[in-house]
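To keep things clear, I will list the structure first and then write my remarks on it.
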Amino acid sequence: MDISPILNGFGVVLEPSNLLYCLIGVIIGMLIGVLPGLGPGATIAILLPITYGIGPVSAIIMLAGIFYGAQYGGTITSVLLRLPGEASSVVTVFDGFALARQGKAGTALGIAAIGSFIGGTVSIVGLTVLAPVVAGFALDFGPPEYAALGVLGVLLISSVGNGNKLKAIIAACVGLLIATVGRDTFTGAERFTFDSLNLAEGIDFIPIAMGLFGLSEILYNLEERHNQVHAPAKVGNVWPSRQDLRQSGGAIGRGSLIGFVLGVLPGGGAVLSSLAAYAFEKRRAKQPERFGKGAVEGVAAPETANNAAATSSFIPLLTLGIPANATMALMFGALLIQGIQPGPQLVTEHPDVFWGVINSMYIGNILLLIMSIPMVGVFVKILRVRPAILAPITVLITLLGAYTVNNNVYDIFLVIAFGLLGYLMKKFGFEPGPLVLAFVLGSMIENSSRQALLIFGGNPTGFFTRPISGTVLALVVIVAFLPLIRKAVRRKTPAPVDVPVDAPVEEKTS
């Protein structure tokens, strides 16, 4: 393995300006992680217009810092207030707040910081080793392979992600439909433009992202956020005892692995990995009844896993150009804004971006570990700022940011329209993530499919005769029929024998 590009990447990230943007990203990430409601997706969407005036490496380093910084910020409110600042910190509430009530808030925050650092570092090492290998493999991909990968990505995101599967598929279909608006790139024919000159150019990614993630989050949280905020628990000694470290060591190791694997999968990400890591630890524990009552493993496992997943989700984006989750779709858009196409060519055409962003995570992770504990007091004070003050300021910044992209009032109306759409989607249980991801992948699916059909002379069976595209399409069929397969297996499986409630439970030996 040639390590000279990796070393050059460290040279890029250690430039003072890039170090500064890394620090800014991590601090913003921790801040918005602390503030319940405004997650990394909304913040990245709101800040997208700002990245126009920043170099590509610095911009992506800052946005990446916001993403993984928010994973730890959400822990603070979960532990101190029983209020998860970030969706991936929901399960941390169970044992984190219980520890805080026992006077061990510092221990919970310390374990979370150590687990986040180790999980993030393990994942960055995996990213450093695997990303060039995957990118090298993907260089053999052509239009048929990209078309098949795009279809698989949309399907996985819709079926593997959180929430109602049917609603996710409907949202993805709406995203694909919106991607067709505008002038056909092959024939020049206008589609769904209604004779509007603005729509003839298609719908830009930025207003969609700012509306669906930024404005809708603000509207939804203003309505939903409950007023009964607990008084923050006192933070004592933040250094865990030897027993706490020994107890949580295995959970941190397993959480790193679970987070890394689930982060790579489309539809996985930080939320799913934290839930999976918590469930796994509880299942294998000798005393599962301790979970929910202050088990340090219940904090260590999810906090390790969500940081590991946040990092590994960059692998499909940087190597294949396929965003694994909604936040990666925003990163995809940020790279396109900078004139950079994510994918296998990124390693050779923009090595400064590829290795600069990856290596910045090593620095950002160390910054997180250093700043996380001393800044707890500051974050607690920030929590006292009322949403009624923050929300109007954020809305104003969002709308001004949308206008400055093209200096066009039309973009403001688009942001408002998608903001209202995102608000209604949340109200009725539709996640905006599948819509945005399908919109991003829609153009790739359409263009690659049509290019592939030209190559095959209009014969669609060509997709199945190529080894890679044929394999990917076989996976598409399996994923599509997976629910039916599961139902069939359950019908054939005999029903479990009822066990009396007061029957003794056999202790697990592992």
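Sequence positions, counted from 1, serve as the residue numbers for this chain.
By the 4.5 Å heavy-atom criterion applied to side chains, F463 and V151 are not counted as neighbours. Looking at heavy atoms from C-beta onward, I27 lies out of side-chain contact with M30 at the 4.5 angstrom threshold. Using a 4.5 Å cut-off on side-chain heavy atoms (C-beta onward), I61 and I363 make no contact. M425 has its side chain out of reach of Y220: every pair of non-hydrogen atoms, C-beta onward, lies at least 4.5 Å apart. Under the 4.5 Å side-chain criterion, counting only non-hydrogen atoms from C-beta, N306 is in contact with E303. The side-chain heavy atoms of L399 and I416, taken from C-beta on, include a pair separated by under 4.5 Å. Using a 4.5 Å heavy-atom cutoff, the side chains of M361 and F314 are in contact. The side-chain heavy atoms of F456 and T465, taken from C-beta on, include no pair separated by under 4.5 Å.
Using the six-membered ring where Trp is involved, Y362 and F10 have ring planes that are tilted, between 30° and 60° apart.
Between W355 and the options V12, L7, T128, a side chain to side chain contact (heavy atoms under 4.5 Å, CB included) holds for only T128.
Taking both residues in full, the closest heavy atoms of I203 and F439 are given as O-CZ, 3.3 Å, listed atom of the first, atom of the second, then distance. When all heavy atoms of A171 and E431 are compared, the pair lying nearest together is CB-O, 3.8 Å.
By the 6.0 Å and 45° rule, R254 does not stack over the aromatic ring of F280.
N18 and S58 share a donor-acceptor pair across their side chains, judged by distance under 3.5 Å alone.
Other residues, nucleotides and ligands contribute over 12 non-hydrogen atoms within 6.0 Å of the CZ atom of F354. Within a 6.0 Å radius of CG in L197, no more than 12 heavy atoms belonging to other residues, nucleotides or ligands are found. Within 6.0 Å of CZ on F464 lie no more than 12 heavy atoms contributed by other residues, nucleotides or ligands. Counted within 6.0 Å of CZ on F413, heavy atoms from surrounding residues, nucleotides or ligands total 12 or fewer; the atom is thus considered open.
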Output, in order, the C-alpha distance, side-chain angles, deciding distance and verdict of side-chain contact (heavy atoms from CB on, under 4.5 Å) for V436 and F205.
CA-CA 9 Å; V436 173; F205 173 76; 3.8 Å; yes
Determine whether Y403 and D411 satisfy the following criterion, side-chain contact (heavy atoms from CB on, under 4.5 Å), listing intermediate values before the conclusion.
CA-CA 6 Å; Y403 176 76; D411 287 334; over 6 Å; no
